[in-house]
Amino acid sequence: MADAGATEQSAAIDDFVSTAIRQYRQKLLDLSSRNPLISFRHSERSRSHIRVIDELPEALFSRLSMSRQLTFDPLPYPELVPPDERMPMFERAIQNARRTDGQYKEKLVELGLNPSDRQTQKADRELRNRVRVQLGLTPYDFTIDPKKRAEELGIPSDYDLPVPREKIARRHNDSKIQTLFFREDLDRKLRALRESARILLQDAGLSALYCAFGFLEYYDSEASDQKRIAPLVFYPIELNRELERGEYRYFIEGRNDEIEINVALKELLRKQYSVELPEWVGDEDNEDSALASYLSKIEQIANNRRDWALRRFVTVGLFTFSTLAMYKDLDPTIWPEQSPLNRKNVLRSLIAGDEIHGTGSAPDYEIDDPALPEALLITDADSSQHSAVIDVLKGTNIVIQGPPGTGKSQTITNIIAAALDAGKSVLFVAEKMAALEVVQKRLTAAGLNPFCLELHSSKTSKSAVVQSLANRLEYRDNRVRQDVVTSNLSALREARADLLYYVQKCNEMVGETGLSVREILLGSATRDRFRAILPPALAAARLKNALQINRHMRLEMLDSAANLEQQCEPLKRFGSLADHPWRGLQNSEI
């Protein structure tokens, strides 16, 4: 009966843990409109993304897959000088105006020493128009609107990119990505995007820069007029720059990582609309056809829904998938049947609780206790830090707390090293990448880098992980002669035994005094400097049967000494006993 009851209780805990895991897993996917993966908002002022025009998504996708560097191309500035201003008469007039026009000179002073090209061009255009009026010509105004400028150049400004035709134009197969920004605005936008990606990588270890291909335009519900757009396919990229003729050239190239689809959107459409987004089926030999096939499937889904549409947008920006990896890991179907997720002891303890006996604070162990596990320490450790390592080796779950600078990362380093020495595998996770780097640097300094596999920042790419694993498989340590190891180990154990013997003797009690050898030696060393100022006879005096002087007798002797010191206090006013006026007096009755 007892076994049956325990089985029922275990099954109930299994169900409870499974339910909790499902609930936690769903919370990792934010399916509200606040999530950019559900409802993305394009903005020309945004520091987190930039849009592409006049490209073919499939061709752009193919160029990225071929590891080509693709440079962002700005709109050419409008023509500043029309043909009639190139005539000799006008050129003479404008040269004279630059020397004599007061407004022009004041404007240059206002702009300062380092005006931008746009500010200088504007001032020059105003001067030229004043000269045109003087010569009887109509003022010339060039357009500063990017869309109008693109139309002047014959560049389509629509963000909804076209479908490829049989013959692809040369500009759609070059190494440039056309944008709807002039040079200064493009530099400012890409500089901000690159800096945001760098900070995210440095602080959280996330490589969040992707090129999003295709967006689904849909509505919140059948009766809603609230339109949403959501990205579909994410190609991992890197954004870099190089200085070229005094100007930065910004370019992207594919990052060796997995192509992602919008899992959050997939889950939302499945739950709310009973629509299944297709899985990504890559084709290494023909990636552009893989994208074309995927977008075609999305378009078929959109055509079957009222007012839904596939938008062939391409947006380069930051898209965070930090919780999607955890969402996938918590899928019960990917765990082996013999070791299901809800049976993991740590997870069961966190969710269902566990019986805990004893105090809340862990005790400090005796460092040299031979009954404790051998703890390999590669950095300095005090007694509490050493005890934390011992607890981990004993299989105890612990929490280490302490303010900054108290050696937590140092303790973690020792724990990892001790666990490796014990033949264990260690997973070290942290919210901030700086914490990972501190521990990793300590392990590297101790020569343990060959046993570390970094899975953060740029080291998370498939090629980096595979190369790291290959390096570990090829690693061969320096061969050491076994007789040397045995000899060194024997000498180490002898030295340790001698030290332990010394420690034990120093902590033994001395006779009936209630004091240890260490306390007596410390007291003797502390008071040794007073021996030089004592009379020789007093300095040489020794107590008989010192080992039989117990604590009570010692307190009486100290009390007598204090009384004698008090009685001798009046002597200090006369300098010495020989100078005292009552010296030699024998009658104590006076």
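Because the structure is a prediction, the values reported are computed rather than measured.
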### Message
Go through it in stages, so that I can follow the logic: the residues are Asp382 and His386, the test is side-chain contact (heavy atoms from CB on, under 4.5 Å), and I'd like the CA-CA distance, side-chain angles, deciding distance and then a yes or no.
### Response
CA-CA 6 Å; Asp382 59 23; His386 171 263; over 6 Å; no
### Message
Contact between Leu64 and Ile252 at the side-chain level, heavy atoms closer than 4.5 Å - yes or no?
### Response
yes
### Query
So, Gln26 and Arg22: side-chain donor and acceptor under 3.5 Å apart, yes or no?
no
### Query
If we only count heavy atoms from C-beta on, is the Glu512 to Arg551 side-chain gap below 4.5 Å?
no
### Message
Taking the side chain as everything from C-beta on, heavy atoms only, tell me whether Ile21 gets closer than 4.5 Å to Ile351.
### Response
yes
### Message
Check this for me: Glu242, atom CD, are more than 12 non-hydrogen atoms of other residues, nucleotides or ligands nearer than 6.0 Å?
### Response
yes
### Message
Any non-hydrogen side-chain atom of Asn342 less than 4.5 Å from a side-chain atom of Leu347?
### Response
no
#### Entry: Presence of salt bridge, Glu195 and Arg47, under 4.0 angstrom
no
#### Entry: Side chains of Arg343 and Ser339, donor plus acceptor under 3.5 Å
no
### Query
Distance from Ile13 atom CD1 to Arg348 atom CZ, nearest 0.5 Å?
5.5 Å
### Message
Between Asn471 and Gln467, do the side chains contain a donor N or O and an acceptor N or O under 3.5 Å apart?
### Response
yes
### Query
Is the backbone N or O of Val392 less than 3.5 Å from a side-chain atom of Thr396, with the two atoms forming a donor-acceptor pair by type?
no
### Nearest atoms (heavy-atom pairs only) where Leu193 meets Gly317
CD1-CA, 4.3 Å
### Ser487 side chain vs Asp483 backbone, donor-acceptor pair below 3.5 Å
no
### Query
Could you go step by step and tell me if Arg255 and Tyr210 meet the side-chain contact (heavy atoms from CB on, under 4.5 Å) rule?
CA-CA 9 Å; Arg255 193 172 73 243; Tyr210 290 86; 3.6 Å; yes
### Query
Atom OH of Tyr248 and atom CG of Leu243: how far apart are they, to the nearest 0.5 Å?
5.5 Å
### Message
Could you check whether any side-chain N or O of Asn550 sits under 3.5 Å from a backbone N or O of Met553, counting only pairs where one atom can act as donor and the other as acceptor?
### Response
yes
### Query
Under 3.5 Å, is there a donor-acceptor pair between the side chain of Asn35 and the main chain of Asp30?
yes
### Task
Look up atom CZ in Arg493 and atom CG in Asn488, then write down how far apart they are to the nearest 0.5 Å.
12.0 Å
### Query
Does Thr406 use its side chain to pair, donor to acceptor, with the backbone of Pro403 at less than 3.5 Å?
yes
#### Entry: Considering all heavy atoms, the nearest Asp257-Pro236 contact
O-CG, 3.6 Å
### Query
Any side-chain donor-acceptor pair under 3.5 Å between Lys189 and Ser46?
no
### Task
Output yes when a side-chain donor or acceptor of Asn563 lies under 3.5 Å from a complementary backbone atom of Asp559, and no otherwise.
no
### Query
Could you go step by step and tell me if Thr444 and Gln440 meet the side-chain hydrogen bond (donor to acceptor under 3.5 Å, both in side chains) rule?
CA-CA 6 Å; Thr444 300; Gln440 197 268 339; 3.2 Å; yes
### Summary
Tightest non-hydrogen contact, residues Leu393 and Ala422, listed as CD2-CB, 4.3 Å
### Query
Does the side chain of Ile412 reach to within under 4.5 Å of the side chain of Arg442, using non-hydrogen atoms?
no
### Query
Has the side chain of Ser524 got a donor or acceptor atom that lies under 3.5 Å from a matching backbone atom of Ile520?
no
### Query
Going by atom types alone, do Ser560 and Glu556 pair a side-chain donor with an acceptor below 3.5 Å?
no
### Message
Side chains of Leu209 and Leu318, heavy atoms from C-beta outward: is any pair under 4.5 Å?
### Response
yes
### Message
Looking at every heavy atom in both Leu543 and Ile549, which two are closest together, and how far apart are they?
### Response
CD1-CD1, 3.7 Å
#### Entry: Aromatic Tyr250 / basic Arg191 pairing, under 6.0 angstrom, 45° off normal
no
### Message
Heavy-atom count check: over 12 atoms from other residues, nucleotides or ligands less than 6.0 Å from Asp380 CG?
### Response
no
## Note on the structure
So CG of Leu522 and OG1 of Thr526: to nearest 0.5 Å the spacing works out to 4.0 Å
### Message
Walk me through whether Glu260 and Tyr235 qualify under side-chain hydrogen bond (donor to acceptor under 3.5 Å, both in side chains).
### Response
CA-CA 7 Å; Glu260 301 279 355; Tyr235 196 105; over 6 Å; no
### Task
Could you grab the distance from atom OG of Ser33 to atom CZ of Phe40, nearest 0.5 Å is fine?
14.5 Å
### Query
If every non-hydrogen atom of Pro231 is compared with every non-hydrogen atom of Leu265, which pair is closest and at what distance?
O-CD2, 4.0 Å
### Query
Would you call Val510 and Glu519 a side-chain contact if the rule is heavy atoms closer than 4.5 Å?
no
### Summary
Closest non-hydrogen atoms of Asp329 and Trp335, given as atom of the first, atom of the second and distance, are O-NE1, 2.8 Å
### Task
Any chance you could lay out the side-chain contact (heavy atoms from CB on, under 4.5 Å) test for Leu377 and Val389, step after step, and finish with the verdict?
CA-CA 9 Å; Leu377 302 179; Val389 178; 4.2 Å; yes
### Task
Please report the C-alpha distance between Phe251 and Leu70 in whole Å, then the side-chain angles of each, then the deciding distance to 0.1 Å, and finally whether the side-chain contact (heavy atoms from CB on, under 4.5 Å) criterion is met.
CA-CA 5 Å; Phe251 59 91; Leu70 305 180; 6.0 Å; no
### Query
Which is it for Asn414 and Thr379 under the side-chain hydrogen bond (donor to acceptor under 3.5 Å, both in side chains) test, yes or no, and what are the steps along the way?
CA-CA 7 Å; Asn414 278 327; Thr379 63; 3.0 Å; yes
### Query
Do Phe319 and His49 have ring centres separated by under 6.0 Å?
no
### Query
Are more than 12 heavy atoms from other residues, nucleotides or ligands located less than 6.0 Å from atom OH of Tyr502?
no
### Query
Should we say atom CD of Glu508 is surrounded by more than 12 heavy atoms from elsewhere, each under 6.0 Å from it?
yes
#### Entry: Asn449, CG atom: more than 12 neighbouring heavy atoms under 6.0 Å
yes
### Query
About how many Å separate CD of Glu253 and CD of Gln69, when rounded to the nearest 0.5 Å?
4.5 Å
### Heavy-atom side-chain contact between Ile398 and Ile400 under 4.5 Å
yes
